[in-house]
Every structure is written in structure tokens, then in C-alpha cells.
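Below: one structure, written as C-alpha cells.
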Amino acid sequence: MRHFFGLLVGVLLAAALLFGGGWAAQEAVRGAAQNIEPFKDSRILIAFGVLAVVGLLLGLVLVGRMSPLAAFVPSMALLAWTVVYALDVSRAAGLAPTATSLHKEVVQAGHGMLTLLSTGVYGMLGVALFLPVLMPSRWAGPPQDDEDEFEEQGY
């Protein structure tokens with residue numbers, strides 16, 4: 001059950017990293033390019049908040065005692081997309097939701113995803129998320145109390 005819960009957390013973290021992080025990064029880049037002060041534009045403040053929440057989720061998965069699948073699923077998605085980008089840029093760019101028929105916020109998230117992908121941020125996050133998978137202690141269940149199983153015998 002712990003690994004099933006970890007799988008669900010991993011899928012949610014991957015979505016948060018891709019869509020939430022992509023949208024927030026694109027919004028922050030827009031604010032920096034137009035020299036907008038964050039306190040004058042609420043969308044930039046919301047973007048900083050989204051980045052903080054995504055960072056909090058990422059930190060909890062990295063240091064928390066949960067199934068390593070929670071880190072493995074988003075790491076494989078990010079690393080696979082980075083490898084596709086390294087091999088074929090146009091194919092990797094085609095995987096981002098940037099079609100004009102989509103909602104404008106989804107398109108903005110897609111452009112942010114491409115920004116994070118092309119700068120190597122997704123590769124860096126993928127490697128950082130893969131490291132907890134390599135620790136054998138993460139795969140073991142919670143420690144069990146051995147004192148209940150063995151009773152002391154009096155002489």
C-alpha cells in the first residue's frame with residue numbers, strides 16, 4: 001500500500017513540476033523581461049507562490065520517509081524528456097502543450113516547460129529526484145519493534 005501511495009504522489013509531483021513549475025517560470029520570466037515589480041502585478045506574486053509550493057512538495061518527497069516511487073516517477077519523466085531533448089530538439093519541443101487551440105494558461109505552461117527543459121533545469125531536477133531511489137533504506141518498510149515478538153524467559 002505504501003508503494004501505491006508513493007506512485008500516486010509521484011504522478012502528482014510530476015504534474016506539479018511540469019505544469020505548475022512551467023506556468024510559474026514563464027510568468028516570472030515575463031515579469032523580469034518587462035521589468036514589472038512583483039508587488040504591482042498579482043500574477044507574478046501568484047507565480048512565486050506556486051514556485052514555493054512546488055519547491056515544498058519537491059523537498060518533502062526528497063527528504064520524507066515515503067516510497068521511493070514518489071521520487072522515481074517524476075525523475076524518469078524529467079530525465080526521459082531531457083534525453084529526448086538532447087537527441088532531437090524538435091521532437092522534444094513537440095511534446096510540450098503549445099498548440100494555439102489550447103487554453104492560454106496551458107500554452108503558457110508549455111512555453112515555461114520548454115524554457116525549463118532547454119536550460120537544463122528539468123535534467124537537474126531529474127537527477128536530484130533519482131538519488132533517493134538508489135538508497136536501499138527507502139525501499140524497506142518502517143522499522144518493526146522486535147521486542148513484541150520475543151518474550152524474555154525467566155530462569
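Since the structure is predicted, the reported quantities are computational estimates derived from the model, not experimental observations.
- Taking CE from M124 and OG1 from T119, the interatomic distance works out to 8.0 Å, rounded to the nearest 0.5 Å.
- Shortest non-hydrogen contact noted between T98 and G110 is CG2-C, 3.9 Å.
- Nearest heavy atoms, A92 versus Y85: CB-CA, 3.4 Å.
- E27 has its side chain within reach of Q108: a pair of non-hydrogen atoms, C-beta onward, lies under 4.5 Å apart.
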Quiz: residues 67-78 side-chain donor-acceptor pairs under 3.5 angstrom, not counting sequence neighbours:
from : atom 1 : to  : atom 2 : distance (Å)
S67  : OG     : H3  : ND1    : 2.7
S67  : OG     : L69 : N      : 3.2
S75  : OG     : A71 : O      : 3.3
S75  : OG     : F72 : O      : 2.8

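- With rounding to the nearest 0.5 angstrom, the CG atom of L62 is 11.0 Å from the CG atom of L57.
- Rounding to the nearest 0.5 angstrom, the gap separating the CG atom in L51 from the CD1 atom in I46 is 12.5 Å.
- Under the 4.5 Å side-chain contact rule for hydrophobic residues, L95 and L125 share a cluster.
- Atom CZ of residue R43 and atom CZ of residue R30 lie 6.5 Å apart, to the nearest 0.5 angstrom.
- Shortest non-hydrogen contact noted between I36 and Q34 is CD1-OE1, 3.1 Å.
- The hydrophobic cluster containing I44 does not contain V50, counting ILVMFWY residues as joined when their side-chain heavy atoms lie under 4.5 angstrom apart, directly or transitively.
- Transitive grouping of hydrophobic side chains (ILVMFWY, heavy atoms separated by less than 4.5 Å) keeps L79 and W81 in distinct clusters.
- In terms of the side chain to side chain donor-acceptor pair (under 3.5 Å) criterion, T100 has no residue partners (sequence neighbours excluded).
- The hydrophobic cluster containing V54 does not contain F130, counting ILVMFWY residues as joined when their side-chain heavy atoms lie under 4.5 angstrom apart, directly or transitively.
- Between L129 and L58, the closest side-chain pair of non-hydrogen atoms falls below 4.5 Å.
- Side-chain contact between D41 and L45 is absent, with no heavy atoms from C-beta onward closer than 4.5 Å.
- Separating the CG atom in L116 from the OH atom in Y122 is a distance of 4.5 Å, to the nearest 0.5 Å.
- Within the 4.5 Å cutoff, the side chain of V107 has no heavy atoms near those of the P97 side chain.
- When hydrophobic clusters are built by joining Ile, Leu, Val, Met, Phe, Trp and Tyr residues whose side-chain heavy atoms come closer than 4.5 Å, directly or via intermediates, V133 is not grouped with L12.
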(message) Determine whether W23 and L18 satisfy the following criterion, side chain to side chain contact (heavy atoms under 4.5 Å, CB included), listing intermediate values before the conclusion.
(response) CA-CA 8 Å; W23 176 84; L18 291 172; over 6 Å; no

